[in-house]
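Worksheet: the structure to be examined is printed underneath.
A, B, ... follow the sequence lines: proteins, then strands. Residue 1 opens every chain.
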Amino acid sequence: MSNMAQAIRMALHVGESKLGVKDIFGQDVGAPLGGVFTATQGLKTAWNTPLDERGIISMAMGIAMAGDRCVAEIQFCDYIFNTIDLLKIAGNTNWVTNGNYSLPMTVMTPVGAGIRGSIYHSHSFDAWASRLTGWKVVMPSNPLDAYGLLLSAIKDPNPVLYLKPKALMRVKGEELIPGEPDEKELKACIDAPIGDRSDWKPKWPDLQEYYVEIGKGKITREGNDLTVVSYGRHLLLCNEVADQLKSEGISIEVVDLRTIFPYDWNIIKKSVEKTKRVLFVNEDTEVTNFGEHLVYRCVQELFYHLLARPRVLAGKNIPGIGLHHSLEDASVPQKNDILREIKEILSEVP
Amino acid sequence: MTTKKAVKKNDFAGLSPDTLLKIHQYMVKSRVLEERLIKIYRAGESYFWIGGPGEEAWGVPLGLLARKGQGLAYDYLHLHYRCTPTLIAMGMEMLDSIRLMMNRKTDPSTGGRNFSNHYCFPKWNIAPVTSPIEVQYPIGLGTAHAQKRAGHNAVTIVTGGDAGTAEGDFASCLIWASRKEFELPMLITVQNNRWGISTKWEGQHGEENVADRAKAFGIRSRVINGNDPVESYLVIQEELEYIRKTGKPSFIESKVSRLYGHSSASGANPVPNAFACVKEFEESLLKADILDSKSVQKIWADFEQEGIKAQEQARSEAQPSGDSIWEHVFVNNENADWRKF
């Protein structure tokens, strides 16, 4: 099975060979490195930019304005903050021009903690991104979704922010990407060798197009007692907790939202109407967290279905993630935190 | 650098009378239109005015010389909010500017959503004018990159003010456009009116000329008198030819006047003793017998009438409705209202 970095690489290859992508660019995105997580190795349209995030986002906007398709990368979302006004402009261009100019561009950026990345390689961006109106925002939790969401992002006529959970980049999936060969062959075909790569060229497998529709979530564990809604890295933790609780006779339904905006309300609604208890889990900071909006909506629309207060489990509201593992673990939700929250919600008596 | 031909007295550097008259007509039309926009603001029929009186001698030649059309074979223009003269020279009707000023539903640039002079015309590759200053410089990199790849010798033209060059986006543009072997076909320009809203040049700059900063990146650059339409015309023509031929960027710093202050926020009042480029050019054409005073009177009067008529028409047109706010959040009006997901 491919890992997420390989899945993204394969999607970008399909993008440039079948979907008209003409530029894949960012810091260290082109040869020889092919991305700090190797997700852009061997791509024929990949190129390196100056170390200038505003230049990268602007370049993408101009390319999109001219009608060409591109995928730009900000190396870590921790460095995207100085482009916020450009992201706002990219998101409002179609609206303020009354539909005159759309900007079909994909911006991908690694997010979240989990690699001991200290204060400037551990930020999350999903809550911030949810306020960038005019953008679609997606975040995969496994390689197959990473592949399918990226192809959908490339084809979408709107700007799409593709958040890559950096801690999952080396995590393998459980489902094959259509056309993906076995693991050993895949590695031999598309992973650049260590050392001198000057003569290396990838041999791309015959990959099929596969799309995960933007705005559609997925139930990854079915259950009846409580709904957990998450995405990205924490989705996997939620799955683990659900599996563990199953052996204790507790039935947890896990929803992988996959798209942060426009999000799949129907899948949440249907699940919460069934379980009547809900927990939203993500690692962005907890004050004005995106999960709070979902809780608000649950209260507004599902209040009389609920048997317990809906909750958000998110990152602590502190300026950053400290480097020492005890600091990181105390800052973003861990498996035990999810377990504890679930048990507390289940123990509430209406 | 000043173009030698342009400073010769009243020979207009060989420009034909037809060209000179066309430039004059558009300069007058633009000025009359801008003054009409200010009147609309003063009459309480609009919320805000910002525009370009004083930049006609620069903006009109630019609009006349740009390769006008839609798509990669034509020039892209990333303009700032003093660009009415350029749009007038490209063929924009007064009515469309007034519709924007009066926030009409019929405003072709924004549908009533944005300020005056924030134009957007895809049919001429006019990128949306933004209120955040200077972002047009690096966004222009992208259209230039796509143009270079397409190979039609088309150029990306960027305009902006001198004060905005304090933003890092200006440096981004110079850096990305000038990388060896990756040079971009861009005409990067700055209209230097020596003001940044209410702050004088001296409070914002240490450099002698903004153009010196482009030189530091190996970009061919020059400083011109942007109050002289003949000099503007010749220099823009020469630099566009250079860019189309070499695929490399060029930089023009154009010294201009700001005749009505920054915007209505500072009163939109005439600035005493500012150089009046339209009147000066008109005088020179009269002296050279290319124009006569009767024709001059008629030109101004006709445009004044056109402006009044356009205002009356815009006044009668529909305003955007409140329920249209969700339109165009996403392409094809895909639902963006979370209450309806």
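- Using a 4.5 Å cut-off between heavy atoms, B:Pro122 touches chain A through backbone and side chain atoms alike.
- There is no contact between B:His118 and chain A, counting heavy-atom distances below 4.5 Å.
- When the candidates B:Pro138, B:Gly111, B:Gly71 are compared by the number of heavy-atom contacts under 4.5 Å with chain A, B:Pro138 comes out ahead.
- Note: B:Ile325 leads B:Ile175, B:Ile325, B:Asp107 in heavy-atom pairs under 4.5 Å with chain A.
- Ring centroid separation for the pair B:His145 and B:Trp176 does not come in under the 6.0 Å cut-off.
- Less than 6.0 angstrom separates the ring centroid of A:Phe125 from the ring centroid of A:Phe81.
- Residue B:Leu100: no heavy atom, backbone or side chain, is found under 4.5 Å from chain A.
- A salt bridge links B:Arg339 to B:Asp337: one of the charged nitrogens lies within less than 4.0 Å of a carboxylate oxygen.
- Geometrically, A:Arg131 does not engage A:Trp128 in a cation-pi contact defined by less than 6.0 Å to the ring centre and at most 45° from the axis.
- If you look at B:Phe341 and A:Tyr263, their ring centroids are closer than 6.0 Å.
- Interface residue A:Trp47: only side-chain heavy atoms are found under 4.5 Å from chain B.
- At a 4.5 Å heavy-atom cutoff, B:Gln136 makes no contact with chain A through either its backbone or its side chain.
- For the set A:Asp85, A:Asn82, A:Ile89, the count of heavy-atom pairs under 4.5 angstrom toward chain B peaks at A:Ile89.
- Under a 3.5 Å cut-off, the side chain of B:Asn117 and the backbone N or O of B:Ile50 do form a donor-acceptor pair.
- Looking at A:Asp52, both its backbone and its side chain come within 4.5 Å of chain B, counting heavy atoms on both sides.
- Residues B:Met102 and B:Gln319 have side chains not in contact (no heavy-atom distance under 4.5 Å, counting atoms from C-beta outward).
- Annotation: side chain of B:Val155 is not in contact with side chain of B:Gln147 (no heavy-atom distance under 4.5 Å).
- Using a 4.5 Å cut-off between heavy atoms, A:Thr97 touches chain B through backbone and side chain atoms alike.
- The part of B:Ser109 that comes within reach of chain A is its backbone (N, CA, C, O), which places non-hydrogen atoms under 4.5 angstrom from that chain.
- Salt-bridge formation is detected for the pair B:Asp75/B:Arg244: a Lys NZ or Arg NE/NH1/NH2 atom is positioned less than 4.0 Å from an Asp or Glu carboxylate oxygen.
- Interface remark: B:Ala127 contributes backbone and side-chain atoms alike to the contact with chain A (heavy atom separation under 4.5 Å).
- At a 4.5 Å heavy-atom cutoff, the contact between A:Lys136 and chain B is made by backbone and side-chain atoms alike.
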Derivation of the side chain to side chain contact (heavy atoms under 4.5 Å, CB included) call for A:Glu286 and A:Val312: CA-CA 8 Å; A:Glu286 59 202 340; A:Val312 175; 5.8 Å; no
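- Proximity to chain B involves both the backbone and the side chain of A:Ile56, based on heavy atoms less than 4.5 angstrom apart.
- With a threshold of 4.5 angstrom between heavy atoms, A:Lys88 does not approach chain B through any atom at all.
- With a 4.5 angstrom heavy-atom cutoff, B:Pro320 does not touch chain A via any of its atoms.
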